[in-house]
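Working notes, structure below.
First listed ligand is number 1; within each ligand, the first listed atom is number 1. Just so it is clear, the structure is predicted and the values come from calculations on it, not from any experiment.
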Amino acid sequence: MNKPINQSGWRPGTPMASEDAGAHPTVTGNKALMLEEPLIFEIGNAETTGVDLPQAKGDTASRLGSHARKGPIGLPGLSEPETVRHYTRLSRQNYAIDLGLFPLGSCTMKHNPRLNEKVARMPGFADVHPLQPVDTVRGALGVINELAHWLIELTGMHGVAMTPKAGAHGELCGILCIRAALEARGDAREVILVPESAHGTNPATAAFAGYKVEDIPANAEGRVDLEALKARLGPDVAGVMITNPNTCGLFERDMKAISDAVHAAGGFVYCDGANFNAIMGRVRPGDLGIDAMHINLHKTFSTPHGGGGPGSGPVVLSEALSPFGPLPFTAKMSDGIIQLVEEENASEHGHKQAFGRMTAFHGQMGMFTRALTYILSHGADGLRQASGDAVLNANYILRSLDDVLDAPFGKTGPCMHEALFGDAGFAEGMSTLDLAKGLIDEGFHPMTMYFPLVVHGAMLIEPTETESKAGIDQFVMAMRSLAERARAGDEALKTAPHHAPRARLDEAMAARKPRLAWSEPEVAPGSGNYEIPGAG
Ligand SMILES: *Cc1c(COP(=O)(O)O)cnc(C)c1O
């Protein structure tokens with residue numbers, strides 16, 4: 001049963017990290033600057049907060065009839081300062097890229113230059129409204145058009161759909177282009193091939209678009225098995241979806257041969273380009289025969305992201321797929337004016353086969369502004385250096401850890417922008433999860449775990465190009481210590497984290513029986529000095 005809560009919201013008996021922090025427990029649960037914080041419904045008081053409205057004049061009888069509310073509304077009762085403190089305290093229990101290294105593989109959590117923010121906040125960009133007359137937003141359209149130009153230039157492709165709002169949304173856009181192209185030639189193909197090393201969104205996208213998904217095995221090196229792929233191609237295969245560099249952190253060296261084989265069999269090649277940060281300025285996907293590829297602006301081109309947003313996933317398209325790209329898009333006219341191409345003027349622009357549209361409006365304006373700022377401030381040489389540094393940093397981590405952690409695909413050569421390890425060599429009963437929880441105690445966000453699926457107990461680490469050597473060395477030191485503890489079977493690792501605001505949770509219960517809504521604790525009347533908001 002829940003115990004009563006006192007004024008600060010603290011409940012005796014709540015498992016708080018400070019209790020097992022051992023030597024010096026505090027009565028408040030606070031640990032100096034780290035303040036304990038209950039749920040918003042457990043604090044405040046609806047009786048002492050709110051707004052005093054003047055007495056209504058005239059007929060005050062309620063006209064709501066049977067619609068009148070029968071119980072209290074159940075909102076938390078906090079004053080403004082209490083609300084501000086609540087959220088500020090919670091925010092301090094968070095980890096952020098502005099606090100430290102965020103090694104999440106596949107996510108490209110890098111420093112986001114403040115210059116991007118400054119430009120994105122300029123009123124001319126920040127305050128535009130999607131329903132403004134086109135004549136009043138020529139500058140914003142110019143930004144979209146110029147970014148489109150650079151994305152085409154960097155990828156060596158023919159066209160780009162700017163509107164998709166995330167990587168997965170871009171995948172859907174690309175697959176819908178492929179379907180439109182096949183339908184236009186009266187070719188009803190049903191299967192999309194996806195290698196084992198693909199990102200999980202790839203098979204999900206293909207299935208969502210109505211295709212049957214078939215696996216292509218990986219070879220012993222962690223790359224697509226070219227011969228197995230070739231053997232499966234045929235008149236029922238609409239295309240392949242290949243992540244390159246793949247989620248094992250490896251470049252698919254056979255990409256051109258894969259594209260040629262798929263094209264020869266009448267299919268299209270979708271490339272998941274979320275890892276473009278590893279190859280930008282060095283390889284052009286267009287030269288590898290790719291027909292469609294999304295770019296995660298929030299990863300490669302540095303928009304702050306996490307916890308599900310925000311995202312922006314423009315899709316570059318080959319000449320064969322460009323005619324089917326979605327509306328709207330921007331086009332530069334001979335007089336230099338940027339036009340918005342919508343349904344009503346699409347034929348004028350020779351774009352009659354658009355498969356439809358991905359978004360109500362024009363895409364993520366704030367992210368376009370940030371991405372263009374990033375591209376222009378880096379320049380061609382800077383972008384090329386960024387991908388080189390990202391790869392260098394990942395290889396530094398790979399080689400700094402491969403004597404204490406198993407690196408199944410790191411034996412034969414270097415990796416790209418992320419280093420992949422497995423749990424082989426851990427003591428009986430020790431898992432990747434234990435090591436990751438220990439990493440929280442060491443002050444780092446855990447790496448991507450148990451993904452990709454082809455490696456047992458996978459740990460996928462992406463340092464990005466913006467980490468300093470000193471920062472990476474500290475991470476390596478923590479990882480080496482944790483790896484040694486996992487190999488030695490250190491029991492304390494099984495109950496980590498010990499220093500976090502919350503200790504280890506029952507994750508199976510949290511996933512199977514999540515408590516998504518707050519319910520009033522059962523408090524015997526008079527047992528606490530705190531009244532439940534809205535009770536009675
Ligand atoms: C992040 C990522 C995606 C999905 O992108 P979202 O923007 O999260 O939808 C797809 N593939 C790979 C390889 C990724 O890293």
Can you give the donor-acceptor pairs under 3.5 Å from side chains of residues 148-158 to other protein atoms, not counting sequence neighbours?
from : atom 1 : to   : atom 2 : distance (Å)
T155 : OG1    : L151 : O      : 2.6
T155 : OG1    : I152 : O      : 3.3
H158 : ND1    : S322 : OG     : 3.3

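Residues F368 and H362 place their aromatic rings such that the two centres sit no closer than 6.0 Å. A distance of 6.0 Å or more separates the ring centres of Y450 and H456.
Using a cut-off of 4.0 Å between Lys/Arg side-chain N and Asp/Glu carboxylate O, E196 and R223 are scored as not salt-bridged.
More than 12 heavy atoms of other residues, nucleotides or ligands sit less than 6.0 Å from atom CZ of R185.
Enumerated by chain and number, the residues approaching ligand 1 to less than 4.0 Å through a heavy atom are S106, A166, G167, A168, E171, H199, T201, T243, D272, A274, N296, H298, K299.
For the residue pair T464 / N277, no side-chain donor-acceptor distance below 3.5 Å is found, with atom types taken as modelled.
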